[in-house]
J.: 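What follows is a structure written as structure tokens; I'll ask about it next.
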Amino acid sequence: MLQWLRKPSDDPDATEQPSANDPYDLRGQAAVVTGSTSGIGQGLARALAMRGCDVVLNGLGDPAEIERTRSDLEASCGVRVRYHGADMSKGEEVTDLIAYAKGEFGRLDILCNNAGIQHVEAIEKFPTAKWDQIIAINLSSAFYATRAAVPIMKAQGRGRIVNLASAHGLVASPFKSAYVAAKHGVIGLTKTVGLEVAEHGITCNAICPGYVMTPIVKNQIADQARTRGITPDQVIKDVMLKAQPTKKFVTVEEIAGLFLYLVSDLGASCNGTAYSVDGGWTAQ
Ligand code: NAD
């Protein structure tokens with residue numbers, strides 16, 4: 001995965017030294033990616049590390065597996081990789097994650113608010129505890145992390161904030177009230193922060209993927225089948241890929257390509273905007 005993101009210096013056949021002007025050379029920078037023990041977040045953390053960026057991983061999971069991911073990334077990319085277990089539903093832990101990154105690396109250049117969960121249920125049966133949890137993890141955590149990161153980035157005179165929203169930040173689907181509300185909120189937060197930080201060399205943008213086959217999607221297939229009274233195969237074909245004109249799942253690599261552009265110097269004028277990577281879903 002992500003072979004094309006190899007650092008120039010890792011190529012044994014390279015005849016040229018990496019250019020000091022390579023906009024994708026992130027050596028010397030430091031990042032936090034929330035929810036990076038799995039799926040898209042793990043891919044984005046890897047993309048950053050492969051370009052030389054130090055990274056703090058975060059997320060839930062088996063401690064031994066997380067440590068394996070952390071140490072593999074550190075060894076294979078030659079960067080510093082740390083892990084912080086902040087629960088994204090708890091504001092003070094999110095704030096502590098940002099302070100930890102600054103303490104470990106002395107700086108924070110890139111914040112990717114990626115952690116997210118889903119729950120599929122009709123509105124009249126939607127559990128109130130699930131609503132609160134989804135709003136906390138998918139929306140409020142981005143507020144807490146951004147609130148803590150912006151002063152560090154302002155002091156540095158540069159920063160990049162990228163929020164993983166969703167096609168569901170732009171359009172709705174039934175049975176996902178909390179998720180759709182949270183993701184629309186993430187785009188509102190993105191626009192507001194983008195305006196507030198624009199003169200400080202900082203940008204804030206959102207990426208809006210269509211369906212990517214990660215655990216959050218795999219876990220929905222059975223729920224969607226139950227809620228809609230159809231088979232799991234029908235959920236994939238008639239619900240998920242029905243919305244995506246390409247009829248293909250979006251890949252983590254495709255999201256990583258846009259992400260690297262946004263965090264690079266080339267992304268300096270992209271600000272306060274939501275970028276779709278959805279195979280044409282929201283063009284309809
Ligand atoms: P995933 O389930 O593979 O990963 C989610 C990550 O969030 C995991 O690392 C998990 O441990 C972490 N997480 C969940 N609850 C947490 C908590 N309380 N504290 C800390 N970490 C927590 O899902 P993914 O598909 O990689 O999703 C990543 C982001 O992309 C989410 O915000 C999701 O809404 C968004 N997204 C996904 C898709 C898709 O189709 N997969 C589409 C659009 C947007």
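For ligands, and for the atoms within them, numbers begin at 1 and follow the listed sequence. Keep in mind the model is a prediction, meaning the values are calculated, not measured.
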J.: If the threshold is 4.0 Å, N to carboxylate O, is there a salt bridge linking D109 and R107?
T.: yes
J.: Can we say D96 and K90 salt-bridge, meaning some charged N sits less than 4.0 Å from an Asp/Glu carboxylate O?
T.: no
J.: Please step through side chain to side chain donor-acceptor pair (under 3.5 Å) for the pair S89 and D87, ending with a clear verdict.
T.: CA-CA 5 Å; S89 68; D87 179 343; 2.8 Å; yes
J.: Below 4.0 angstrom, N of the basic side chain to O of the carboxylate: do D22 and R51 qualify?
T.: yes
J.: Show me the donor-acceptor pairs within less than 3.5 Å that the side chains of residues 235-245 make with the rest of the protein, sequence neighbours left out.
T.:
residue : atom : partner : partner atom : Å
Q244    : OE1  : Y211    : N            : 2.3
Q244    : NE2  : K248    : O            : 2.7

J.: Does the side chain of S71 pick up a donor-acceptor pair with the side chain of E74 at under 3.5 Å?
T.: no
J.: Check ligand 1 against the protein and report each N/O to N/O distance under 3.5 Å, formatted as atom name, atom name, distance.
T.:
residue  : atom   : partner : partner atom : Å
ligand 1 : 2 (O)  : I216    : N            : 3.4
ligand 1 : 3 (O)  : S38     : OG           : 2.6
ligand 1 : 9 (O)  : G35     : O            : 3.2
ligand 1 : 9 (O)  : T37     : N            : 3.3
ligand 1 : 9 (O)  : T37     : OG1          : 2.8
ligand 1 : 11 (O) : T37     : OG1          : 3.3
ligand 1 : 11 (O) : L60     : N            : 2.8
ligand 1 : 18 (N) : D87     : OD1          : 2.9
ligand 1 : 19 (N) : M88     : N            : 2.9
ligand 1 : 25 (O) : T214    : OG1          : 2.3
ligand 1 : 26 (O) : I40     : N            : 2.7
ligand 1 : 32 (O) : N114    : O            : 2.7
ligand 1 : 32 (O) : K183    : NZ           : 2.9
ligand 1 : 34 (O) : Y179    : OH           : 2.6
ligand 1 : 34 (O) : K183    : NZ           : 3.0
ligand 1 : 40 (O) : V212    : N            : 2.6
ligand 1 : 40 (O) : V212    : O            : 3.2
ligand 1 : 41 (N) : V212    : O            : 3.0
ligand 1 : 41 (N) : T214    : OG1          : 3.0

